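Scroll down for the structure; my scribbles are underneath it.
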Protein chains: 2
Amino acid sequence: MPTSVIETITPFVEPQSVALIGVSTRTGPGTFNILEELLTYGYKGKIFPVNPKGGSILNITAYTSVAKLPETPDVAVVSTPRTAVPQIVRDCVSKEIKGIIIITQGFTDADDDEGQMLHQEILESIKGTQTRIIGPNTLGVMNNFNRFNTSFIPIDSDCRNLGVICQSGIFMAGSGDFSGGIGIGIDIGNTSDLDSSDILEYMGEDNRIEVINLHLEGLSNGRRFLDVMRKVTASKPVLVLKTGTSEVGARAAGSHSGSLAGEDHVYNAAFQQTGAIRVTDVDQMSDLTETFLTYKSMPGKNIAIVTISGGAGIIAIDAVSNNNLQVAKFSTSTNKSLTEIFPAWMKPGNPTDIWPSGMSKGYHKILKQSMETILSDPGVDAVLLISPAYIRPENDPLNIINLIDQIAEKHPEKPTASWIFGPHRKTYASKLKQKGNIVVYPTANRAMHSLKCLHDYLNPSYPTQKNAIVELGDMQKDLVAGIIESNLMSQTTTLNEQALDIMHAYGIPVIKSGIATSPEQAVEKAQKLGYPIVMKVISHQITHKSDIGAVKLNIKTEEEVHKAWNEITETVSTISGARMLGVLIQQYCTGGTEIILGAKRDPQFGPVLIYGLGGIYTELLKDVSFRIAPITPEEARSMIKETRSYKILTGLRGNTAANIDMIVYSLVRLGQLMSAHPEIVEMDINPLLVDSNGAVALDGRIMLKKM
Amino acid sequence: MPTSVIETITPFVEPQSVALIGVSTRTGPGTFNILEELLTYGYKGKIFPVNPKGGSILNITAYTSVAKLPETPDVAVVSTPRTAVPQIVRDCVSKEIKGIIIITQGFTDADDDEGQMLHQEILESIKGTQTRIIGPNTLGVMNNFNRFNTSFIPIDSDCRNLGVICQSGIFMAGSGDFSGGIGIGIDIGNTSDLDSSDILEYMGEDNRIEVINLHLEGLSNGRRFLDVMRKVTASKPVLVLKTGTSEVGARAAGSHSGSLAGEDHVYNAAFQQTGAIRVTDVDQMSDLTETFLTYKSMPGKNIAIVTISGGAGIIAIDAVSNNNLQVAKFSTSTNKSLTEIFPAWMKPGNPTDIWPSGMSKGYHKILKQSMETILSDPGVDAVLLISPAYIRPENDPLNIINLIDQIAEKHPEKPTASWIFGPHRKTYASKLKQKGNIVVYPTANRAMHSLKCLHDYLNPSYPTQKNAIVELGDMQKDLVAGIIESNLMSQTTTLNEQALDIMHAYGIPVIKSGIATSPEQAVEKAQKLGYPIVMKVISHQITHKSDIGAVKLNIKTEEEVHKAWNEITETVSTISGARMLGVLIQQYCTGGTEIILGAKRDPQFGPVLIYGLGGIYTELLKDVSFRIAPITPEEARSMIKETRSYKILTGLRGNTAANIDMIVYSLVRLGQLMSAHPEIVEMDINPLLVDSNGAVALDGRIMLKKM
């Protein structure tokens, strides 16, 4: 059996020989003949067309069946009608072909039952064999390094160190638009067998690939995806376009690729935690692909702007600031050098408007002097050069292509990004792209967004998942397992009072409490805890205790305990079918800020943690953050900080700051709890009361998986 | 004197003759010779070069001075060194030239005092004359309809019904990028004399112009801008790129064009209220320009998606939903027609994936049938067609340019927008652009954002300012003027108790109150208002009354009034220099939600209203909205609705809904108050307590202009 992803994927990407099964005898424009496309593309390996009629296609002998092939090819490409596919897969397995690419549509992407059944049949056929499948419903594989390509649509693409993984062929055939030229592209289609994670892992290990584009509709194994993504982003950037983000979109994804689309915020958390860079659209994917293929270093966030226009300089400053970068402050010596070349009426500074000086002293000379001075300033980490493309480069007295390329080449440690505008922008852009030292962006905003992503990715603290997740020692896993088991045995799936015990067992600070089954016992417990106390009814039938008056706050004396007990008993007696099991006696806490910590189990990614400020902030303003568990303390802290309401915890209007360390501590432990006990499907700590001294969970609920 | 904007601007845009003052004798590439560019551009009017050396330039006789010109040209273009400009302006005034375009840099855009002085000198020279100026620091004017152009940079632009107004020449010279072809472009440079509003008003009246692009760095007369913009957007869309949005950017704008950059949220309110469409970047400006030039109708928000790829269909659904449009639901008859042409395994629906059927039955035939069926469905208001540009159109079996253009032309009432992708996108896009019925967008998101803006603009309720602003009759303007005057006479600029009187005079509901100067009087007032009451010290020296215990809440009896009086007196006595003028006696209100209404006077736009929920929402979450006063009730309501916290007022968690009508009523009246009394520079109503019955202002403050 193949043991590594390289062994598994190599037959698909580097085949020495390929069988084309179901290839048509019709050729020429509009016939979308795979054999013709493969020949045009320039594939040098052996090709075996398979067609029941035999004969020859484009002068290449066709075989009437897989069984009759003269040798076992590395890969088979299937484009027959769907009903023929299962038998062909079985034939390929018999022939011990290692890779099958199924182009044919109409399996899990179809709306009928037959498609689902055919899908199952195919999977059954390869079970326990060494044969793996890409597709169905795919354009297949293109490898621009060895000119292997299974697409029936002509693909016109430069060969660059870019890997593309997609669930739709448009990202391969449209690569000129979306990514500007592909090295290796794999359309995984319906992902019946090999999926995004498999291909991602392969691309991570292929040294020719420097940047990866991933188009993702959904996933079937989120945890494996997290592991693979963490590993790959540590060595190369992965740009992810996750589609099906809207509710309607997610439904369409379900029917298109037969893959489950998860909730978008969970995907966001997954990308954030693993260091994947999420893009919002194909134009952003294209910008970032160019950026990461071109620039490999950016020391800091300070941007110098060199411009032909003051107005464009202002637009650039907006762009720098919109993208959380800094407008560089030039050193005294830089300003002095610029003063010498500027007109007397113009103060040097950032942005540097070179036009007035360029007009009187020569544009190329001033541009060169300015750029070299500025790039040598240690306070500058990147330059945005704003320049025009008003006329064709060959006639343009302002043509600076060679000049700026040479300057940029001398300073590989600092990106020279460029916003070039005008009717001939594309021509300038493509000439500079060929030279490979400067990216031309269509707007200043897009340039600065790209540099921001570059800077973030290159930052030593990126991605956060590099922090090891330490197993904490003081968690009573067995105790919790016992509580869960005994509840499941008695068919109880909602835990209230015991939820606090479970949290306590994992070290989450919970309010001190005890259970009383008589008023006398209640007094005893109250004395032990110390007044004031809270009394809450315990009853399986009552969920909203406060609403019916079955919670009594701020009980200060023995007398009040008795009074409260009687009132609770009376209230419960008015609710038909409600049985009172006892009363929970808790310490009474006031002040502080209410926090909600939650967790749920996501079908793709497993345990997901939710953090929010209590009340309106969570319910109404949806001001919450998410991470996939387990998490590190750093991740917990960033969860808290990324909410808008964070400032409330830092001590608004003279209040003392909340003890954020204790929220972090509780979140990390909540993550451990969810990871260790898969029976918990959902839980809330609501509220976790936080003040400057610490935090304490006052209430909580755990939902177990129904058996 | 010219009475209309048409008379003023026409000499600049439609000159029969032009003087070029300071034109160089050097010609050829890189000399940026205005005369040469003008000839190349194809201007047919008379040209009079002016150069002290005389002679001829490019075979055209040059005159040695303005005085010696053989006739008075319609417009003079000045590109001498800056020190020569004031005298030339005086010469032009003497010659009675109506329009001067000053190209020269180094006036308010310069960093030295001389630039400012030269600017003043120029303005003085035209005062009281019929001569008007565009610039300095400008590329001037281009009119593609008569081929007049003052740019020293070659401009390569198709002639379309687009007007461009800018404060930087890049928007004219770069038009191929930013706007895809200009009809009339005017760079207003430093706006020493004619400004954005003047040119905007002119473009509004020029019938050749259908769409306007406005690049704006700042304004000097915001109120006039509002009036002009309201008028123009009623007949044609105005796309505004406001730059200098960041604090750093705003500073650079100050030094670049000598114009004041206002706070960005006030500009936002100005654009929103006047119906200007704000764009965030030049690529959005380009998208919307194409959109408004191409589509003139869109009945509703329901989008049909016709796609060659299921994966692209999902991306399109995300785009529809991101942009607040709807995925159209097809009628039964549409679905029936589609079923007939689809493969059996595929259910028809939206998105409509035409690939499987197109492959078996002919792509062009299926595309035509689908598009015509879908465009005829009354539940469809626009189509997004997703199609590839994988190979050159001339070789492409999937070339659908003529076909879809014809279909779109048959349905001018519904936009056929298109997302075409692939390496040959630009070629497809430019061919379809020439035909003029379909815009090709680079991404689905950009297509849907554009259709959303189109739909909003065409909506009968857009723009909101069409609602007449009615003067309300019951406002006691004279009473308020009296209060303000007496305070200004006594040098008092901060009003506290009297702020409530002023609000009351404009009909804003305020808490009932009275002033007492003795405990006996306090009891009397309290009885008149009815217990419980609130008592607040009145003292010029004490601003934060609550903090020092000089506010007493929930006073219920005569005895408590006396006790509170004594405590307040004692407290005040401990504060050195504090004099107690009396005690404010108010009704005590509890419950309800606290709202903050505010107003300030903006240097560009005058009175600006601010709305927010009290406490943390305004202070911390900055969840506030702005409008420029006066406002209509509809505008007040939209101010309230656009805050995130709006839901709290609608009755969260079983609370009754707040009386939003009363907030609207108060906001409208606050706007009237601010508009009628320019002495008020800032005011707060904080809090306005709102419940289901009504609203009442509990406290407020007014700041008057220091004399």
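Treat the numbers as computed from the prediction; the structure is a model and nothing was measured.
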Under 4.5 Å from a heavy atom of chain A, the part of [X] involved:
{"X": "Arg425(B)", "answer": "side chain"}
{"X": "Glu114(B)", "answer": "neither"}
{"X": "Leu139(B)", "answer": "neither"}
{"X": "Thr280(B)", "answer": "backbone"}
{"X": "Tyr646(B)", "answer": "neither"}
{"X": "Ile386(B)", "answer": "neither"}
{"X": "Pro442(B)", "answer": "backbone"}

**OP:** Walk me through it: do Phe421(B) and Ile170(A) pass the test side-chain contact (heavy atoms from CB on, under 4.5 Å)?
**Re:** CA-CA 8 Å; Phe421(B) 55 81; Ile170(A) 68 166; 3.2 Å; yes
Can you measure from [atom1] ([X]) to [atom2] ([Y]) and round to the nearest 0.5 angstrom?
{"X": "Gln105(B)", "Y": "Trp355(A)", "atom1": "CD", "atom2": "CH2", "result": "9.0 Å"}
{"X": "Phe32(A)", "Y": "Leu398(B)", "atom1": "CZ", "atom2": "CG", "result": "4.0 Å"}
{"X": "Phe178(A)", "Y": "Thr443(B)", "atom1": "CZ", "atom2": "OG1", "result": "9.5 Å"}
{"X": "Tyr390(B)", "Y": "Ile155(A)", "atom1": "OH", "atom2": "CD1", "result": "8.0 Å"}
{"X": "Asp111(B)", "Y": "Phe342(A)", "atom1": "CG", "atom2": "CZ", "result": "10.0 Å"}
{"X": "Ile315(A)", "Y": "Asp281(B)", "atom1": "CD1", "atom2": "CG", "result": "7.5 Å"}

Heavy-atom pairs under 4.5 Å with chain A - which of [options] has more of them than the others?
{"options": "Ala344(B), Gly174(B), Gly115(B), Ala389(B)", "answer": "Gly174(B)"}
{"options": "Asp177(B), Val320(B), Thr31(B), Asp113(B)", "answer": "Asp177(B)"}
{"options": "Pro423(B), Ser645(B), Gly30(B)", "answer": "Pro423(B)"}

**OP:** Would you sort out whether Arg644(A) and Asp623(B) count as a salt bridge (charged side-chain N to carboxylate O under 4.0 Å, His left out), showing the intermediate values?
**Re:** CA-CA 11 Å; Arg644(A) 293 192 300 271; Asp623(B) 183 23; over 6 Å; no
Subject >> Residues which pass ring pair (Phe, Tyr, Trp, His ring centres under 6.0 Å) with Tyr428(A), listed by chain and number, not counting sequence neighbours >> reply: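 Residues passing ring pair (Phe, Tyr, Trp, His ring centres under 6.0 Å) with Tyr428(A): none at all.
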Original post:
Which one of Pro29(A), Ala319(A), Pro356(A) has the most heavy-atom pairs closer than 4.5 Å to chain B?
Top reply: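 Heavy-atom pairs under 4.5 Å are most numerous for Pro356(A).
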